[in-house]
S.K.: 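What follows is a structure written as structure tokens; I'll ask about it next.
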Amino acid sequence: EPLQIKREQEEPEPLQIKEEQEEPEHQQFKDEEKQLCISQDEEHLKTQPNQNLYSCKICDKTFSRNNSFMIHVRTHTAKKSFTCSTCGKGYPHKSRLTNHMRIHTGEKPFTCAACGKSFHQIGILNRHIRIHSGEKPYTCTTCGKGFASKSQLLDHMTIHTGEKPFSCGNCGKSFRRKPDLVSHMRVHTGEKPFSCGTCGKCFAHKKSLTVHMRVHTGEKAISCGICGKKCLNKSHLVDHMRTHAGEKAFSCGTCGKSFTHKKIDHMRVHTGEKPFSCGTCGKSFTYKKSLNIHMRIHTGEKPFSCEICGKRFTHKKSLTAHMIIHTDEKPFSCGTCGKSFTHKKTLSAHMRFHTGEKTFSCGTCGRNWLTVALKMYDLFFFYSVS
């Protein structure tokens with residue numbers, strides 16, 4: 001059943017303040033309470049009967065009843081007589097201490113009827129229920145955006161005011177929200193409280209861990225708005241977008257070749273470094289991707305399949321070349337005679353008839369042939385006659 005909030009039929013009696021002689025300290029609190037109270041005139045009371053009539057000068061919180069308002073004022077002025085035995089934090093009311101103790105005990109007696117999530121304070125549950133109801137009672141007077149809680153609205157208002165009240169004591173950088181400052185402080189402390197349950201790698205921010213987990217799950221949550229290609233993270237998307245813009249911002253200092261993103265592994269082409277080795281046959285590769293593709297030779301994996309005939313391939317480019325068989329497309333044309341071919345390697349072999357190039361030679365006599373087929377034919381004929 002939805003959370004029912006009982007309402008008393010009658011308004012509670014206003015808070016009675018005894019006129020007895022009090023200690024100077026308590027009298028000081030009482031004077032402060034009187035100073036904080038802002039009474040509204042009777043005419044306003046008649047025209048706005050449902051408005052909050054009492055406002056706290058310290059935190060701007062408003063109340064519709066004097067009793068509730070006076071209790072709240074004491075959170076700023078009253079002596080904090082109730083102390084937490086675990087962390088030493090003090091509270092002016094026993095009920096506040098009781099709520100606080102649930103943080104240490106882990107008790108969460110208030111449960112959401114919609115999703116079953118539990119909370120240690122009823123106020124937090126009430127705010128949570130707005131997620132299901134869609135209620136956003138707090139509205140920004142500048143842009144009209146609605147929020148489920150007052151704290152969210154106050155955070156949002158700093159966007160319009162430009163206020164950044166939370167400053168780092170180490171570097172002086174300022175932030176709009178306290179959680180942003182807490183997160184920033186890990187840059188200085190080196191703290192990395194978020195760890196990957198799969199590989200154990202640690203991160204300073206929860207968002208970084210979320211992005212990292214996609215490496216293990218293979219999830220590509222960010223899509224290119226132009227071609228629809230999915231990318232692992234935002235930085236990969238930025239690199240990908242350069243392919244549409246034609247931008248090649250990174251150049252190799254050795255060969256001058258340009259790239260859309262920084263390619264550290266390209267330098268291995270010049271250095272000859274091959275750090276990725278096959279554990280089965282010992283063959284080494286310049287790129288990790290090349291090793292992963294090579295491993296399919298040993299595992300027999302053929303992840304790319306033709307949707308028309310079902311034939312499977314080890315490499316994506318092999319599938320792409322195969323698909324031309326079904327479409328009858330011949331995209332590779334000879335610039336001399338105009339003849340077209342399905343595959344590029346077939347065009348390369350054809351071009352030798354025009355150039356006269358003989359790239360296939362016999363290791364014994366040194367004779368050359370245009371194609372490997374002619375070489376095999378001649379050698380077969382020679383040995384069969386002999």
Side-chain angles (χ1 to χ4, degrees), residues 2-20 22-39 51-113 115-131 133 135-138 147-157 165-166 177-179 181-182:
L3 184 66
Q4 299 295 326
I5 299 175
K6 294 183 178 180
R7 297 187 180 274
E8 297 294 335
Q9 295 297 324
E10 298 179 355
E11 291 292 324
E13 291 294 324
L15 187 68
Q16 299 298 323
I17 302 174
K18 293 183 179 181
E19 297 296 333
E20 298 176 0
E22 297 178 324
E23 296 179 7
E25 183 182 13
H26 288 177
Q27 184 63 40
Q28 179 185 355
F29 291 146
K30 189 173 178 180
D31 292 340
E32 290 179 5
E33 290 173 5
K34 290 179 179 179
Q35 290 297 320
L36 287 166
C37 184
I38 301 176
S39 299
Q51 293 294 314
N52 291 335
L53 306 177
Y54 304 94
S55 175
C56 175
K57 283 185 176 180
I58 294 179
C59 65
D60 293 330
K61 196 168 184 179
T62 57
F63 301 86
S64 59
R65 294 186 297 176
N66 179 60
N67 188 26
S68 301
F69 170 64
M70 295 299 290
I71 292 173
H72 165 77
V73 167
R74 292 195 185 104
T75 63
H76 300 301
T77 62
K79 185 177 180 181
K80 297 181 178 180
S81 306
F82 302 93
T83 305
C84 173
S85 58
T86 304
C87 66
K89 194 171 183 180
Y91 295 91
H93 308 290
K94 188 176 181 179
S95 61
R96 296 284 299 277
L97 175 61
T98 302
N99 287 336
H100 166 79
M101 288 304 296
R102 296 187 187 120
I103 297 173
H104 301 299
T105 62
E107 182 188 3
K108 295 181 178 181
F110 304 102
T111 304
C112 174
C115 66
K117 193 172 182 179
S118 298
F119 303 89
H120 67 275
Q121 290 185 23
I122 192 170
I124 300 175
L125 170 61
N126 291 336
R127 288 197 296 270
H128 165 80
I129 289 174
R130 294 178 187 140
I131 296 173
S133 66
E135 182 189 3
K136 294 182 178 180
Y138 302 95
F147 299 90
S149 67
K150 189 174 182 179
S151 61
Q152 291 176 345
L153 173 60
L154 293 176
D155 286 342
H156 167 79
M157 288 304 295
F166 304 99
R177 305 184 311 131
K178 189 175 181 179
L181 172 61
V182 173

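Keep in mind it's a predicted model, so treat the numbers as computed, not measured.
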S.K.: Which heavy atom of F166 sits nearest to which heavy atom of L181, and what is that distance?
M.R.: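 Shortest heavy-atom separation between F166 and L181 comes out as CB-CD2, 3.9 Å.
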S.K.: Looking at T111 and S118, what are the two nearest heavy atoms and their distance?
M.R.: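 What the structure gives for the nearest pair is OG1-OG, 3.0 Å.
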S.K.: Return the CZ to CG distance between R177 and L154, rounded to the nearest 0.5 Å.
M.R.: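 One finds 12.5 Å between CZ of R177 and CG of L154.
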S.K.: Working to the nearest 0.5 Å, report the span between NZ of K136 and CZ of R130.
M.R.: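 The distance works out to 12.0 Å.
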S.K.: Output the distance between atom CE (M157) and atom CZ (F147), rounded to the nearest 0.5 Å.
M.R.: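 Rounded to the nearest 0.5 Å, the CE-CZ separation comes out at 9.0 Å.
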S.K.: Do you know which two heavy atoms are closest between A148 and P137, and how far apart they sit?
M.R.: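 Closest approach of A148 to P137: O-CD, 4.0 Å.
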S.K.: From D155 CG over to K178 NZ, what is the distance, rounded to the nearest 0.5 angstrom?
M.R.: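 Going from the CG atom of D155 to the NZ atom of K178 covers 12.0 Å.
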S.K.: Determine the minimum heavy-atom distance between H120 and N99, stating which atoms define it.
M.R.: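 Distance-wise, the nearest heavy atoms are CD2-O, 3.9 Å.
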S.K.: What's the shortest heavy-atom distance between Y91 and H100, and which atoms?
M.R.: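 Taking every non-hydrogen atom into account, OH-ND1, 2.9 Å.
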S.K.: Measure the shortest side-chain to side-chain distance between T86 and M101 over non-hydrogen atoms and say whether it is less than 4.5 angstrom.
M.R.: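 SC-SC contact between T86 and M101 confirmed.
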S.K.: Roughly how far, to the nearest 0.5 Å, is NZ of K117 from CD1 of I129?
M.R.: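 One finds 12.5 Å between CD1 of I129 and NZ of K117.
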S.K.: Side chains of R102 and F110, heavy atoms from C-beta outward: is any pair under 4.5 Å?
M.R.: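 Yes. Closest side-chain heavy atoms under 4.5 Å.
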S.K.: What's the verdict on side-chain contact (heavy atoms from CB on, under 4.5 Å) for R127 and I124, showing C-alpha distance, side-chain angles and the deciding distance?
M.R.: CA-CA 5 Å; R127 288 197 296 270; I124 300 175; 3.4 Å; yes
S.K.: Which distance, rounded to the nearest 0.5 Å, do you find between the OH of Y138 and the CD of Q152?
M.R.: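 If we round to the nearest 0.5 Å, Y138:OH and Q152:CD are 10.0 Å apart.
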